[in-house]
Amino acid sequence: QVHLVESGGGLVQAGGSLRLSCAASPHTGTILSMGWFRQAPEKNREFVSAIDWSGSSTYYGDSIKGRFTISRDNAKNTVYLQMNALKPEDSAVYYCAAPSPFGPALTDRTVGSLTQYDYWGQGTQVTVSS
C-alpha cells in the first residue's frame, strides 16, 4: 500500500508563492508517476499537474499554465508543485495522487482523469487572500 503525504499548504496573499510537496511513504522502490489535483468548496476535483516517473514528461491544467511548475526528486520519492503568482481562485484543498505502477502509463489524454489514479493523499489547504 502506498501512502502519499502532502505538505506545504498555507495562507498567502495574491501574487505570492507556495511550494507543495508530496512524499510517497514508505519508499516503495518503484518510482511512480504522480499528479496534483485540487478541490474548492462546492466544486469538482480539478486536475492541476502531473509528472511521469522519470520527470521527462510534465502536464498542466489550463488554469495554471505558466504559473505552476511540477518537479520531482526520485531519491526522496517526492514530487513538488511550485506555485507562483497565486490568485484567490487558486484557493482549494490540493491533493497528491499516483496511479498504480502496474497500470497503464499516463498520457496527455488520460492524465487529467481521476480514474487513472489509485492512491490519494489527505490533501493540504491552500488559501490565497486578495
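Note that the structure is a prediction, hence the values are computed from the model and not measured.
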Hydrophobic cluster membership, Leu114 vs Tyr95, 4.5 Å side-chain cutoff: yes

From Phe102 atom CZ to Asp118 atom CG, the distance as rounded to the nearest 0.5 Å: 10.5 Å

Exam field: side chain Ser113 to backbone Thr110, donor-acceptor pair closer than 3.5 Å: no

Minimum heavy-atom distance Pro104-Gln116, with the two atoms named: CG-OE1, 4.3 Å

Any donor-acceptor pair under 3.5 Å from Asn74 side chain to Asn77 backbone: no

Spacing of CZ belonging to Phe47 relative to CD1 belonging to Ile64, to within rounding of 0.5 Å: 7.5 Å

Cluster check Tyr94, Tyr59: I/L/V/M/F/W/Y, side chain < 4.5 angstrom: no

Shortest non-hydrogen separation from Ala14 to Pro88 and the atoms involved: CB-CD, 4.1 Å

Minimum-distance pair of heavy atoms, taken over all atoms of Tyr60 and Thr69: OH-CA, 3.4 Å

Point-to-point distance, once rounded to the nearest 0.5 Å, from SG of Cys22 to CD of Glu6: 5.5 Å

Gap between atom CZ of Arg45 and atom CZ of Arg38 - 0.5 Å precision: 13.0 Å

Short side-chain donor-acceptor distance under 3.5 Å, Glu89 and Ser63: no

Residue pair Leu106 / Pro99, side-chain heavy-atom distance below 4.5 Å: yes

Heavy-atom donor-acceptor pair, Arg67 side chain to Ala85 backbone, under 3.5 Å: yes

Gln39, CD: over 12 other non-hydrogen atoms inside 6.0 angstrom: yes

Check: Ser91 side chain, Val128 main-chain N or O, donor-acceptor pair, under 3.5 Å: yes

Leu18 versus Leu86, closest heavy-atom pair with distance: N-CD1, 3.8 Å

Main-chain N/O of Lys76 paired with Thr78 side-chain donor or acceptor, under 3.5 Å: yes

Separation between CG of Asp52 and OG of Ser33, rounded to the nearest 0.5 Å: 5.5 Å

Cys96 vs Trp120 side-chain heavy atoms within contact, under 4.5 Å: no

Separation between OH of Tyr80 and CG of Leu20, rounded to the nearest 0.5 Å: 12.0 Å

Ring centroid separation Tyr117 to Phe37 under 6.0 Å: yes

